[in-house]
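Step one of this worksheet: look at the structure below.
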Amino acid sequence: MAKKPQTKDSGLPTRAEDYSAWYQEVVRVAELAEHSAVRGCMVIKPYGYALWENIKANLDARFKATDPPHQNAYFPLFIPKSFLQKEMEHAEGFALECAVVTHHRLTTDDDGKLIPDPESKLSEELIVRPTSETIIGESFSKWVNSYRDLPLLINQWANVVRWEMRTRLFLRTAEFLWQEGHTVHADAEDAERESLQMLEIYRSFAEDTMAMPVIVGRKTESEKFAGADHTYCIEAMMQDRKALQAGTSHNLGQNFARAFDITYLSKEQKQELAWTTSWGVSTRLIGGLIMTHGDDAGLVLPPALAPVHVAIIPIRCKKDEDRAAAERFLAPLLEALRSKAFHGRALSVEVDYGKDRPGAKHFAWEKKGVPLRVEVGPRDIEQGQVVYVKRTHGGKQTLSREAFAERILDLLGEIQGELYERARSFRDEHTVCLDDRAAFDAFFTPRNPDAPEIHGGFVRGGWCGDASCEAEVKDALRVTIRCIPIEGELAEPFSGACVACGRPALAGQPRVIWAKAY
RNA sequence: CGGAGAGUAGCUCAGCCUGGUAGAGCGCUGCGUUUGGGACGCAGAGGUCGCAGGUUCGAAUCCUGUCUCUCCGACCA
């Protein structure tokens with residue numbers, strides 16, 4: 001393992017020193033996940049999984065709250081190879097990273113070692129799902145008969161496997177957890193409406209719940225999902241100024257309906273080919289959360305998703321009578337706090353009666369990103385007050401016990417807002433409009449190529465629309481077009497030149513977002 | 001999958017060059033003293049040195065193979 005530089009404050013490498021080491025240490029010290037014995041796969045630990053459960057609960061409610069609502073279902077982990085064969089463009093997109101099941105039984109060889117039983121070779125190999133369009137398409141072709149069956153709006157929460165060569169906890173693992181929505185529509189307009197509706201849910205979840213600002217856009221041909229007509233996405237900027245695709249929504253057109261014969265009888269008594277969409281977000285969002293809000297002291301969590309909202313650290317609680325006094329003082333406070341809810345979730349409050357000294361407890365909860373830490377000592381009990389520290393600022397404040405209980409939702413709301421604002425100004429500070437290739441190259445080139453410092457960001461620049469131009473930039477600088485913005489000022493048409501080649505930018509298209517990406 | 005680095009206690013690492021049978025700090029357990037931002041004393045537990053072969057009287061150390069992780073590329077949510 002590479003040597004990890006340490007700072008004496010937090011024991012963590014700093015982001016500026018070594019961003020990658022910082023990320024990995026935050027995942028470790030916050031007890032989110034660890035590497036498993038299986039190559040490329042992670043163990044998600046209870047605190048990390050609690051975060052995922054909160055993400056899941058929030059999104060699940062949003063999916064079910066649409067009109068008409070989406071419903072959850074579950075489809076098999078294994079996909080017959082022939083299903084992938086039916087939509088080759090899609091299959092080719094995943095071919096390089098598929099796990100293939102070839103046998104269904106083990107036996108022992110002459111040395112007593114376990115081997116796949118040659119007698120048990122499958123007549124048709126099974127692919128561990130890298131995504132489920134094909135197997136769900138097969139079901140949908142049976143479920144959809146009439147225009148009355150449409151729209152069909154299904155989501156599944158599942159694990160998927162993509163045999164990645166290079167993995168990083170949460171950001172890219174061979175197996176990951178996600179949700180994948182799959183829908184069927186009577187016409188192109190309704191499918192388009194659906195893919196945009198789900199994109200908007202992702203945007204508001206990212207911004208309102210994760211406090212992570214995103215750019216809403218469309219992928220270029222070369223970046224879109226294989227098999228889709230077009231792909232929408234939300235793109236966020238991490239603190240190393242690289243882009244993270246945080247969610248995607250695909251309008252699949254009639255590609256999968258054609259491959260899997262998803263047809264319906266219309267009102268006009270005609271057999272019609274349906275239109276489908278798919279959309280998903282994954283445990284990668286947790287990586288995004290870490291890299292959007294984390295600081296050199298560790299994880300920082302938005303209150304809307306934090307597994308623990310408030311950590312209470314009693315001072316002097318080892319002796320029975322001291323602990324009893326603390327418990328008596330805290331009982332009404334805990335009751336008041338736990339009866340409240342933030343972003344639809346009851347407040348989670350932990351009292352740390354552990355053996356460590358108070359300072360050690362502060363550091364531990366700070367590393368875990370808990371939004372508010374509260375300190376209650378004998379002096380506070382005497383005066384009926386609590387001392388609290390916001391994770392976003394660190395200064396100690398004092399409030400009466402009752403006032404704190406009354407203010408709690410405001411405090412959490414302030415933290416939620418501060419995190420969003422901080423992330424948005426960071427992104428805006430590192431987003432530039434450029435029209436000149438030399439400036440573009442300089443922007444994306446580190447001063448020290450041997451140990452690249454954090455550099456670059458988002459460039460808003462013109463694009464001629466030519467894929468070979470994209471390829472040339474990617475080859476030269478590892479910079480790609482993250483998206484073509486479709487919302488707000490960013491989506492205003494641009495009539496200048498392509499920042500890469502100087503030819504006129506595509507008419508009616510806005511400046512596109514160029515960046516290095518995860 | 002290419003290039004580079006690294007696998008020794010839960011974590012961070014020393015020991016390897018020059019072979020002689022396992023170390024430190026932190027963490028963990030017990031007892032005591034402590035407790036308002038990483039406490040201290042005493043006593044303990046914990047490692048077939050990534051794995052498999054080989055050389056040797058003897059391997060953490062030398063050789064071969066293999067697996068895994070990290071970083072940089074290619075590919076990708």
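Every chain is numbered from 1 and lettered A, B, ... according to where its sequence line falls, protein lines coming before strand lines. What you see is a predicted model, and the numbers here were worked out from it, not measured in a lab.
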Inset, instruction - Can you figure out which of B/C76, B/G38, B/G36 approaches the side chain of A/R172 most closely? - result: B/C76
Inset, instruction - Rounded off to whole Å, could you give me the NE2-to-P distance for the A/H455 and B/C72 pair? - result: 12 Å
Legend entry - By side-chain contact (heavy atoms from CB on, under 4.5 Å) - contacts of A/A442 (at least two apart): none
Inset, instruction - Hunt down the Watson-Crick or G-U wobble partner of B/C40, both distances under 3.5 Å, from any strand shown, or write none. - result: B/G32
Legend entry - Distance-only side-chain donor-acceptor flag, A/S400 / A/Q385, under 3.5 Å: no
Legend entry - Spacing of the C1' atoms in B/C16 and B/U61 (rounded, Å): 4 Å
Legend entry - Interatomic distance, A/K242 NZ vs B/C76 P [rounded to whole Å]: 15 Å
Inset, instruction - Give the ring-plane orientation class for A/Y388 versus A/F404, where under 30° counts as parallel, over 60° as perpendicular and anything between as tilted. - result: tilted
Inset, instruction - Please check the phosphate of B/C69 (OP1 and OP2 only) for any side-chain N or O of A/Q24 closer than 4.0 Å. - result: no
Inset, instruction - Confirm from the modelled atom types if A/D380 and B/G36 form a donor-acceptor pair under 3.5 Å, side chain to base only. - result: yes
Legend entry - Separation of atom CE in A/M42 from atom C1' in B/U68, rounded to whole Å: 18 Å
Legend entry - Pairing partner of B/A52 (Watson-Crick or G-U wobble, both distances under 3.5 Å): B/U64
Legend entry - Separation of the P atoms in B/A60 and B/A52, to the nearest angstrom: 12 Å
Legend entry - Pair assignment for B/U12, Watson-Crick or G-U wobble, requiring both distances under 3.5 Å: B/A24
Inset, instruction - For A/K361, report the nucleic acid contact type (base, sugar-phosphate, nothing); a contact means any heavy atom under 4.0 Å. - result: nothing
Legend entry - Nucleotide of B/A77, B/G38, B/U70 approaching A/H35 most closely (side-chain heavy atoms): B/U70
Legend entry - Closest nucleotide among B/A74, B/U70, B/C75 to the A/R478 side chain: B/A74
Inset, instruction - Answer with base, sugar-phosphate or nothing: what part of the nucleic acid does A/S282 contact at a heavy-atom distance below 4.0 Å? - result: base
Inset, instruction - Answer with base, sugar-phosphate or nothing: what part of the nucleic acid does A/G40 contact at a heavy-atom distance below 4.0 Å? - result: sugar-phosphate
Legend entry - Pairs involving residues 374-384 of chain A, ordered by first then second residue, that meet salt bridge (charged side-chain N to carboxylate O under 4.0 Å, His left out) (sequence neighbours left out): A/E375-A/K396
Legend entry - P spacing across the pair B/G20 / B/C40, given as an integer number of angstrom: 35 Å
Inset, instruction - Any strand is fair game: report the nucleotide pairing with B/C17 by Watson-Crick or G-U wobble, both distances under 3.5 Å, or none. - result: none
Legend entry - C1' gap between B/A9 and B/G58, integer Å: 25 Å
Legend entry - Same-atom distance (C1') from B/G25 to B/G32, integer angstrom: 24 Å
Legend entry - Of the listed nucleotides B/C1, B/G38, B/G36, the one nearest the side chain of A/M165: B/C1
Legend entry - Pairs flagged by salt bridge (charged side-chain N to carboxylate O under 4.0 Å, His left out) wherever residues 232-244 of chain A is involved - sequence neighbours left out: A/K219-A/E235, A/E235-A/R482
Taking only nitrogen or oxygen atoms into account, show me every contact under 3.5 Å that the protein makes with nucleotides 30-34 of chain B, one pair per line with its distance.
from: B/U34; atom 1: O2; to: A/R357; atom 2: NH1; distance (Å): 3.1

Inset, instruction - Just do the ring pair (Phe, Tyr, Trp, His ring centres under 6.0 Å) check on A/F225 and A/H90 with the steps written out, would you? - result: CA-CA 8 Å; A/F225 177 65; A/H90 167 255; 5.5 Å; yes
Inset, instruction - Write down the distance separating the P atoms in B/U68 and B/C63, rounded off to the nearest Å. - result: 23 Å
Inset, instruction - Name all residues meeting the salt bridge (charged side-chain N to carboxylate O under 4.0 Å, His left out) criterion together with A/K474; count only those two or more places apart in sequence or in a different chain, and write none if there are none. - result: none
Inset, instruction - Select base, sugar-phosphate, or nothing to describe what A/L244 touches, counting heavy atoms under 4.0 Å on all strands. - result: nothing
Legend entry - Nearest-angstrom distance from the residue atom CD of A/Q385 to P of B/G36: 17 Å
Legend entry - Among B/A77, B/C71, B/G37, the nucleotide that comes nearest once only the side chain of A/R168 is considered: B/C71
Inset, instruction - Would you classify A/T173 as touching base, sugar-phosphate or nothing, given that sugar-phosphate means primed atoms plus P, OP1 and OP2, and contacts are heavy atoms under 4.0 Å? - result: base
Inset, instruction - For A/R166 and for A/Y518, find the nucleotide of RNA chain B with the closest heavy atom, then tell me which residue's nucleotide is more 5'. - result: A/R166
Inset, instruction - Could you check whether A/V281 gets within reach of a base, just the sugar-phosphate, or nothing at all, counting any heavy atom under 4.0 Å? - result: nothing
Inset, instruction - If B/G46 has a Watson-Crick or G-U wobble mate with both distances under 3.5 Å, name it; if not, just say none. - result: none
Inset, instruction - Tell me whether the centres of the aromatic rings in A/W279 and A/F63 are closer together than 6.0 Å. - result: yes
Inset, instruction - Searching all strands shown, indicate the nucleotide that pairs with B/G2 (Watson-Crick or G-U wobble; both distances under 3.5 Å). - result: B/C72
Inset, instruction - Tell me which of A/R373 and A/T167 sits closer to the 5' end of RNA chain B, going by the nucleotide each one is nearest to. - result: A/R373
Inset, instruction - Looking at every strand, decide which applies to A/E375 at a 4.0 Å heavy-atom threshold: base, sugar-phosphate, or nothing. - result: base
Legend entry - NZ or CZ of A/K45 within 45° of A/Y47 ring axis and under 6.0 Å: no
Inset, instruction - Would you indicate what A/V387 reaches in the nucleic acid, counting non-hydrogen atoms under 4.0 angstrom: base, sugar-phosphate, or nothing? - result: base
Legend entry - Nearest-angstrom distance, C1' atom, B/U70 to B/C26: 22 Å
Inset, instruction - Take the angle between the ring planes of A/Y19 and A/W22 and call it parallel below 30°, perpendicular above 60°, tilted in between. - result: tilted
Legend entry - Nearest-0.5 Å distance, CG of residue A/D320 to CZ of residue A/R323: 8.5 Å
Legend entry - Any donor-acceptor N or O pair under 3.5 Å, side chains A/S204, A/R62: yes
Inset, instruction - Would you mind reading off the distance between A/W22 atom CH2 and B/U70 atom P, rounded to a whole angstrom? - result: 17 Å
Inset, instruction - Calculate the interatomic distance between A/Y388 atom OH and B/G36 atom P; express it in whole Å. - result: 22 Å
Inset, instruction - Could you give the distance separating B/U8 and B/G3 at their C1' atoms, to the nearest angstrom? - result: 27 Å
Can you check nucleotides 41-47 of chain B for protein contacts, nitrogen or oxygen pairs under 3.5 Å, and list what you find?
none

Legend entry - Minimum heavy-atom distance A/L299-A/R391, with the two atoms named: O-NH2, 3.1 Å
Inset, instruction - With heavy atoms under 4.0 Å as the rule, sort A/F225 into base, sugar-phosphate or nothing. - result: nothing
Inset, instruction - In whole angstrom, give the distance that lies between atom CD of A/E34 and atom P of B/U70. - result: 13 Å
